[in-house]
J.: 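One structure follows; several queries about it will come next.
In what follows, chains carry the letters A, B, and so on, assigned in the order in which the sequence lines appear, proteins first and then strands, with residues in each chain numbered from 1. None of these values were measured; they are calculated from a predicted model.
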2 protein chains.
Amino acid sequence: MSRRPTLKDIARETGVHVSTVSRALDPQKRSSLTEEIVVKIRQAADRLGYRPNRIAFSLRKQKSMTVGVMIPDITNMIFPPIVRGIESVMEPLGYASIIVNTDGDSDRERRLTETLQERGVDGIIHTAVLRSDPNIVEAARQGLPVVTLNRKVEEAEIPYVINDEEAGIRMIFDHLHDHGHRRIAHLAGPRDLSTGLLRREAFCSVARDYGLSADALVIEEASRFEEEEGRRCAKEILSRSPETTAILCANDRLALGAMDYCARNGHPCPDKISITGFNDMPFLDLIPPGLTTVRIEQFDAGATAARLLVQMIDGCDGKVPRETVLPVSLKCRNSVLRIETDH
Amino acid sequence: MSRRPTLKDIARETGVHVSTVSRALDPQKRSSLTEEIVVKIRQAADRLGYRPNRIAFSLRKQKSMTVGVMIPDITNMIFPPIVRGIESVMEPLGYASIIVNTDGDSDRERRLTETLQERGVDGIIHTAVLRSDPNIVEAARQGLPVVTLNRKVEEAEIPYVINDEEAGIRMIFDHLHDHGHRRIAHLAGPRDLSTGLLRREAFCSVARDYGLSADALVIEEASRFEEEEGRRCAKEILSRSPETTAILCANDRLALGAMDYCARNGHPCPDKISITGFNDMPFLDLIPPGLTTVRIEQFDAGATAARLLVQMIDGCDGKVPRETVLPVSLKCRNSVLRIETDH
DNA sequence: CTGAAAGCGCTAACAC
DNA sequence: GTGTTAGCGCTTTCAG
């Protein structure tokens, strides 16, 4: 229970000044010291079980070696891999991460942003879903390094890393089209989340490329990315447009909900209707019939964002690209059936 | 980009001494100041956008208002709810959590424990799976508040929170027995993880209570809590003891693997064989035929551990119970079939 | 009731 | 090469 030893203790022990001890223990400056004294100091440090006090370090250097990671909700299975990706680059560099869950609550988000700043984080990775949040913009404007993940902030020059939502939607639309589907409805995500909006826009754009007129498009928007909303919207789509042969969903959870509704109401997937997702969350291969979806590299996304943030922290702002778009890929399972085309 | 304001800035602004500002901003000591000056100071603080510097606070008070949370792997779906449970009590009290993933690597765990101590965490919640790890014991012995989750440490008087593994196994064994099963094999977890061992012991104990002799027991031990091992062990069990009618698995992932193997090899669950799990992880209800399992309240476990840790940090060590056992419950789905008993 | 001064543990400019 | 000194931003005696 005895107090942790400090530089002062080592200094007393070895009969040198604290600053000498400090230098001896710093690999950078060790060189400017006598070999002999360095050895003596290091031995004493080992003997006493010295561990540097990072709080004192932080106060002095104005650098906490800590970053904040804001995510909506860690229990949402797509976030843990992102967190590990971030950690995979941060931890070896000596950074710790403080992870906070915003629950999509912008008031909570504001408070948490303040807390992180009080704690002197060196930067923030903001895995946001909200399309606009002034708090983080303000923090960035004050000079705090920030990079956003999964979303771009229009108001400021904040570097962002996103997945190629457009390409993903195109892949999956192509896939459906290749399988003969012409009546493709979109189960869209909430408009106020960037992924929801982007995917919806991509859907419209691809549909247009295929020559489908905008007003012929069946789109039903979920208010949250949850199974229950998937069910509700699937019901809506089926009743509004019974001739629909495929539902392209904005994410996996919506797709799962839609699949459940369809199965319970005489439209089993894939026999009666084809359904696709987005994200490729874990365990999808265990859920029949196997959702065809767009695979996102969550771990890489986290690691990439972390690397950018470190660059910014190190002051290499100039070299940090404003936009980083990560590739996505198609993951085919069994939720899409090949059907006869009309001609 | 201008530097964050400090107490000194407010002092200059208001023409009082920093210590007065410090007092004015501390709700505890505000009372000993003139109402007038307090108001003036608070206004100045607001105007300047003052935010206390927690690093300086920490250094002075020798209290970081930070706790370490060690978990094996956040991508394992049972941990996020625990983390949120911890956060639900820590955050309102002003504590931040640094979450680290040990990956079950005891070397890594040692390094991380040191890192957390360097950062001056006020305590550690150790959601461990390893049955013995000297590092955390050593940290606790040095006076650092520690509580373990999901496991008890024999070597030291460290408070722990565990689930009632014994009761869980008993419930599920009873359930199988009630459904006519007499040939029940155990797909055990790794012996070096406390959950693995505890559940195995409980299984043996219950079997004994039912009058099954120990040497008649079919037990196959997985080397990791993973689907692949579930498959391997299921194969082993089926070939060693073809008359088995039920496999009681040490956790859900093993059960899922076992189910997969059985399905692919002419023993579909539940028709040919009944299978049960443990944990009730998310999305289980979407995976056919629906795994019957033991439900653990992960969020509560995290919250409980956090409350204990806070008590310890606050110096109420005396009042902290050494052992806290959380109740579990049976979650019935469709993986257990009723069969005819022999008599 | 408020000011002065010390100090938490560390680093860094400046001496010698 | 090493010691001296100052100070990061805050709290907390101790005076007055």
J.: Is there a side-chain contact between K8(A) and the phosphate of dG7(C), meaning an N or O under 4.0 Å from OP1 or OP2?
T.: no
J.: In residues 116-123 of chain B, which ones come under 4.0 Å of DNA chain C, going by heavy atoms?
T.: none
J.: Holding to side-chain hydrogen bond (donor to acceptor under 3.5 Å, both in side chains), I want the full list of residues that pass it with E13(B), two or more places apart in sequence or in another chain.
T.: R47(B)
J.: State which of dT12(D), dG9(C), dT2(C) makes the closest approach to the side chain of S32(B).
T.: dT2(C)
J.: For L33(A) and for N53(B), find the nucleotide of DNA chain D with the closest heavy atom, then tell me which residue's nucleotide is more 5'.
T.: L33(A)
J.: Using a cut-off of strictly less than 4.0 Å between a heavy atom of the residue and any atom of DNA chain C, enumerate the qualifying residues of residues 41-50 of chain B by number.
T.: none
J.: Expressed as a whole number of angstroms, how long is the span from R30(B):CZ to dT2(C):C1'?
T.: 17 Å
J.: Can you tell me if the side-chain N/O atoms of Q62(A) get under 4.0 Å from OP1 or OP2 in dG7(D)?
T.: no
J.: For residues 297-307 of chain B, which residue pairs pass the salt bridge (charged side-chain N to carboxylate O under 4.0 Å, His left out) check, not counting sequence neighbours?
T.: R295(B)-E297(B)
J.: How would you list all residue pairs meeting side chain to side chain donor-acceptor pair (under 3.5 Å) that involve residues 91-112 of chain B, not counting sequence neighbours?
T.: R84(A)-D103(B), E87(A)-N101(B), E91(A)-R108(B), R108(A)-E91(B), K63(B)-Y95(B), D107(B)-R110(B), E109(B)-H126(B)
J.: Could you work out, with side-chain contact (heavy atoms from CB on, under 4.5 Å) as the rule, every residue matching P321(A), not counting sequence neighbours?
T.: L308(A), T324(A)
J.: Hey, could you give me the OG1/CD1 distance between T127(A) and I82(A), rounded to the nearest 0.5 Å?
T.: 5.5 Å
J.: Can you sort out which residues in residues 11-29 of chain A have a heavy atom within less than 4.0 Å of DNA chain C? Ascending by number, please.
T.: S19(A), S22(A), R23(A), K29(A)
J.: Quick one: L59(A) CG to dC10(D) C1', roughly how many Å, whole number?
T.: 8 Å
J.: Can you see if the side chain of K63(B) gets near the phosphate of dC8(C) - specifically, an N or O under 4.0 Å from OP1 or OP2?
T.: no
J.: Nearest whole Å is fine: how far is dT12(D) P from L7(B) CG?
T.: 12 Å
J.: Could you pull out all residues at least two apart from Q43(A) that satisfy side-chain contact (heavy atoms from CB on, under 4.5 Å)?
T.: V39(A)
J.: For the pair made of CG in D9(B) and P in dC8(D), what is the distance, rounded to whole Å?
T.: 11 Å
J.: Choose from dG9(C), dT2(C), dC10(D) the nucleotide whose nearest atom is closest to any side-chain atom of A56(B).
T.: dC10(D)
J.: What's the CZ-P distance between R51(A) and dG9(C), to the nearest Å?
T.: 16 Å
J.: Side chain to side chain donor-acceptor pair (under 3.5 Å): which pairs involve residues 21-32 of chain B, sequence neighbours left out?
T.: S19(B)-R23(B)
J.: dG3(C) C1' sits how many Å from I37(B) CD1, rounded?
T.: 11 Å
J.: If you count heavy atoms of other groups shown closer than 6.0 angstrom to CD of E36(A), is the number above 12?
T.: no
J.: How close or far is atom P of dC1(C) from atom NZ of K40(B), stated in whole angstroms?
T.: 16 Å
J.: Applying salt bridge (charged side-chain N to carboxylate O under 4.0 Å, His left out), which residue pairs with at least one partner in residues 49-58 of chain A are found, sequence neighbours left out?
T.: R51(A)-E114(B), R51(A)-E118(B), R54(A)-E118(B)
J.: Under the rule for side-chain contact (heavy atoms from CB on, under 4.5 Å), what residues qualify as partners of P145(B), not counting sequence neighbours?
T.: L309(B), M312(B), I313(B)
J.: With sequence neighbours excluded, what pairs up with I162(B) under the side-chain contact (heavy atoms from CB on, under 4.5 Å) test?
T.: K152(B), Y160(B), V325(B)
J.: Determine whether a donor-acceptor pair (N or O, by modelled atom type, separation under 3.5 Å) exists between the side chain of D122(B) and the backbone of V67(B).
T.: no
J.: Determine the contact category for I55(A): base if any of its heavy atoms lies under 4.0 Å from a base atom, sugar-phosphate if only primed atoms, P, OP1 or OP2 are that close, otherwise nothing.
T.: nothing
